[in-house]
Amino acid sequence: AICGVSGRQVFDSRANPTVAAQVRLRCGATGEAMVPSGASTGAFEARELRDGGEPFGGKGVTRAVSHVKGALAQALTGLDADDQLAVDRAMLDADGTESKSRLGANAILALSLASAKAAAAARELPLYRWLGGAAACTLPLPMMNILNGGAHAGNNLDVQEFMIVPVGAKRFSQAMEMGVAVYHSLGRLLRERGLSTAVGDEGGFAPDLPGDEEALALLCQAIEAAGYRPGQDLSIALDAAASEWSQGDGYRLPKRGQPFTPGELAEYWCGLCGRWPIVSLEDPLGENDFAGFAALTARLGGRVQIVGDDLFVTNPARLRQGIEVGAANAVLVKPNQIGTLSETAETVSLARQNGYRAILSHRSGETEDTSIADLAVGLSAGQIKTGAPARSERVCKYNRLLAIEEELGRRATLGRLGR
Ligand code: PGA
Ligand code: ZN
């Protein structure tokens, strides 16, 4: 049973405050978790509680931390940490709002994860094993964000993430080897051309480039220069984060200023996917456009993974709405978009039951917490995106997966893009 709960304000990879929480059980086992934070957040996400006012540009989390130690500690004390649903329900009841805005989704998620880790520790099990049992032996196929734009970088690229996917890898460790090789070869190409090798929020390079076609060509050249075949060994995934582009009934690229009608934007993606080895396209349209998503999925979904991030916000109700209309064929899974572990797991199983793929994901503001690596394996998501294979708040997740792969030994398999 839970007998001690504590919390503190710590800092994320963007120098902003975030919540750390600890849970202690009567048997002596403990669990600790830290929560991440997004920049291109969806309008329908659960709410982080921030202090406002002067310090930290209003982003302090001392009120959220005081709820961890106060109302939430009171709700959890005496509960059995083995019963994740009861733990999460107690916090939802204590909060009482749909959006978790009263006590804060940041406070609630930190405790939800810390409680699960304490329960796992009490059994002397790693978190993935506690969550998924002996059947949890699929390592996620990584999508590595090696070129940053949008809200994550100060360059001129409007597409937020250009990722590489080592589709030809047989093992997770081989996927990492391929990813780091291409990361280095992209760095070399940029240096040779006198372009910036400074990086964005997720560790990918963030040079100014003439346009998306040039960015995609550069990625293919980097793949080839590393000795791999674009489209066979490594393919490309994009996250447009197009909710950030919405203007009136249409879109306007925030950096280049170019306007698009919804129809023109859909055409644009079809063109790019026809010319380049793109296997996954996330948030190609705005977060309210279920019908536009459905039309694009009908056109491209047979050969491209269409991923809803801001569209679904890891919310089972929004995912259900999307499934009804065929809005996508994959869901991005960010635990802090919904705020509890059990609702996160519900979203993943709902996806699986309906033939949607699930991709565990970091946020652009991260910490050294590696929970999402264990979640990816424990919930058998099959895919993960956690940034470039550089910068330790990104790499710690990949390193955790390398440890899990080693622990699973010959039972370990690697997720695939297809069903
Ligand atoms: P965010 O970006 O964490 O800034 O929301 C990640 C994403 O859009 O996938
Ligand atoms: Zn996204």
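The model shown is predicted, which means the values in this text are computed figures rather than measured ones. Remember, it's 1-based here, ligands and their atoms both numbered in the order they're listed.
Proximity of Ala241 to ligand 1, defined as any heavy-atom pair under 4.0 Å, is not found for any part of the residue. Proximity of His362 to ligand 1, defined as any heavy-atom pair under 4.0 Å, is not found for any part of the residue.
Atoms of ligand 1 found under 4.0 Å from any heavy atom of Leu332 (numbered from 1 in listed order, with element): 9 (O). Near Asp239, with a cut-off below 4.0 Å to any heavy atom, the atoms of ligand 1 are 7 (C), 8 (O), 9 (O).
The minimum heavy-atom distance linking Leu408 with Cys137 is given by the pair CD1-CA, 3.6 Å. For the residue pair Leu141 and Val165, the shortest heavy atom distance occurs at CD2-CG1, 3.7 Å.
In summary, no N, O or S atom of Glu161 is located under 2.8 Å from the Zn ion (ligand 2).
With salt bridges taken as basic N to acidic carboxylate O contacts below 4.0 Å, none links Arg391 and Glu366.
For atom 9 (O) of ligand 1, the closest non-hydrogen atom on the protein side is Lys385 NZ, 2.7 Å.
Among Arg363, Glu366, His152, the residue whose heavy atom lies closest to atom 2 (O) of ligand 1 is His152.
Around the Zn ion (ligand 2), the two atoms OE2 of Glu282 and OD2 of Asp239 are separated by an angle of 90°, to 10 degrees.
Close placement of the Tyr183 and Phe205 rings is indicated, their centers lying within 6.0 Å of each other.
For the pair Arg14 and ligand 1, the shortest N or O to N or O distance does not fall below 3.5 Å.
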